[in-house]
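Starting from 1, each residue takes its place in the sequence as its number. We use all heavy atoms of the structure for the numbers below, so side chains are in, but hydrogens, waters and symmetry mates are not. Note that ligands are numbered from 1 as they come in the structure, with each ligand's atoms numbered from 1 the same way.
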Amino acid sequence: MYCVRTVTDNLYWVGANDHRTHLFENIHPIPRGVSYNAYLLMDKSTVLFDTVDWSVCRQLMENLDHLLGDRPLDYLVINHMEPDHGASIEEILIRWPNVKIISTAKAFMLMRQFGFTVDNQELIEVKEGDTFSFGSHTVTFIAAPMVHWPEAMVTFDTTNGVLFSADAFGSFRSLDGKLFADEFDFDREWIDDARRYYTNIVGKYGPQVVALLNKAASIVGLENIKFLCPLHGPVWRKDLGYIIDKYTHWATYEPEEKGVMIVYASMYGNTEAAAEVLAAKLTARGVTNTRLYDVSSTHVSYLISDLFKYSHLVLASVTYNLGIFPPMHNFLMDMKALNLQKRTVAIMGSGSWAPRSGALMKEEIESLKNMTILDEEMTVTSSLKADNESEIDALADAIAASVLK
Ligand code: FEO
């Protein structure tokens with residue numbers, strides 16, 4: 001049975017939801033699912049913008065069959081070739097063998113690399129600034145390299161103001177009957193999924209996202225964008241400034257909020273207890289926007305997501321094999337991989353017979369750009385005791401002074 005939604009006149013969402021995949025890209029948990037969005041324009045020509053993951057290909061076909069009826073599919077525009085969007089291309093070609101494919105040179109290269117038989121089709125290679133008319137709708141193409149693969153582009157329909165934004169403005173979580181961001185309380189119900197998607201999937205490519213936002217502003221004018229149609233998550237038709245502002249923060253690594261994220265690594269509960277004491281002391285000093293996470297039981301994608309949200313980070317880790325506790329080390333490596341910047345960090349090391357984690361974590365943070373490390377540090381020897389209170393008070397004072405200034 002088809003399941004489609006109307007985006008605007010003659011434009012339809014023909015994607016599908018996925019509740020079965022546990023790990024997006026086989027790495028990031030998606031307990032609330034994900035949607036793979038594709039869009040069909042019914043103009044003088046019929047045009048499909050992107051396809052879907054292989055797991056939901058059948059739903060895409062039912063949706064297209066329903067809307068197309070006796071009409072053929074004339075064009076397939078591929079904005080992004082990652083398989084969660086490009087995997088169903090060959091099924092499209094089998095069903096509509098005369099479809100013409102519009103995409104970038106790099107995307108055609110990737111289609112061949114993935115083994116798709118595209119060279120029997122008419123391939124229309126486009127580059128930034130090219131335009132194409134499908135009848136009453138004219139689109140222009142904007143290169144979006146590294147948002148989030150090198151071949152990516154976005155497509156702007158100058159007739160109705162729809163920006164097919166590829167991975168940009170995407171989100172985890174399935175749509176489940178809704179389509180538009182204004183059909184639910186996005187800021188309360190959805191923003192955490194959007195942030196976790198952006199920061200973990202596109203987070204490394206902040207400068208490229210900034211470049212795309214600037215190009216969108218200069219080439220089409222932000223005021224001319226009436227709909228944002230990403231490849232995952234809801235479509236935006238109202239209050240586009242809200243999500244553009246979030247993207248501007250994330251892409252420039254500016255924190256959204258003043259607050260403290262405490263991440264601890266603890267083997268027997270002693271470092272955890274010290275982190276709890278620090279959290280209580282921060283609250284007593286008026287720092288209430290805090291989050292406390294056990295790095296061993298929290299998937300790193302959630303830690304990365306909150307790291308892009310809050311201004312301050314406390315790292316508290318036990319020493320393990322004379323190094324940093326492995327899950328904490330993994331968190332630090334993920335920060336580095338995503339090029340995290342512009343955070344203020346406090347360090348709490350711990351250990352029983354050779355506590356080196358504090359110095360090692362400091363080295364890792366120092367290797368990141370534009371980070372501030374507070375001078376006050378402390379090392380917990382086996383467990384926090386009353387005679388350490390002045391040290392942890394000094395640490396709490398320094399963090400509070402930095403947050404509340
Ligand atoms: Fe949802 Fe980069 O693919």
Checking only N/O/S atoms, does H232 have one that is under 2.8 Å from atom 1 (Fe) of ligand 1?
-> yes
Give, rounded to 10 degrees, the angle between OD2 (D167) and ND1 (H148) as seen from atom 2 (Fe) of ligand 1.
-> 80°
Can the positive tip of R196 be found less than 6.0 Å from the middle of the six-membered ring of Y302, inside 45° of the ring normal?
-> yes
Is there a donor in the side chain of H137 and an acceptor in the side chain of D43, or the other way round, less than 3.5 Å apart?
-> no
Of all N, O or S atoms in D84, which has the smallest distance to atom 1 (Fe) of ligand 1?
-> OD2
About how large, to 10 degrees, is the angle OE1 of E82, then atom 2 (Fe) of ligand 1, then NE2 of H80?
-> 100°
Determine, for K309 against D306, whether the closest basic-nitrogen to carboxylate-oxygen distance falls under 4.0 angstrom.
-> no
N-O pairing of K178 and E189 below 4.0 Å | no
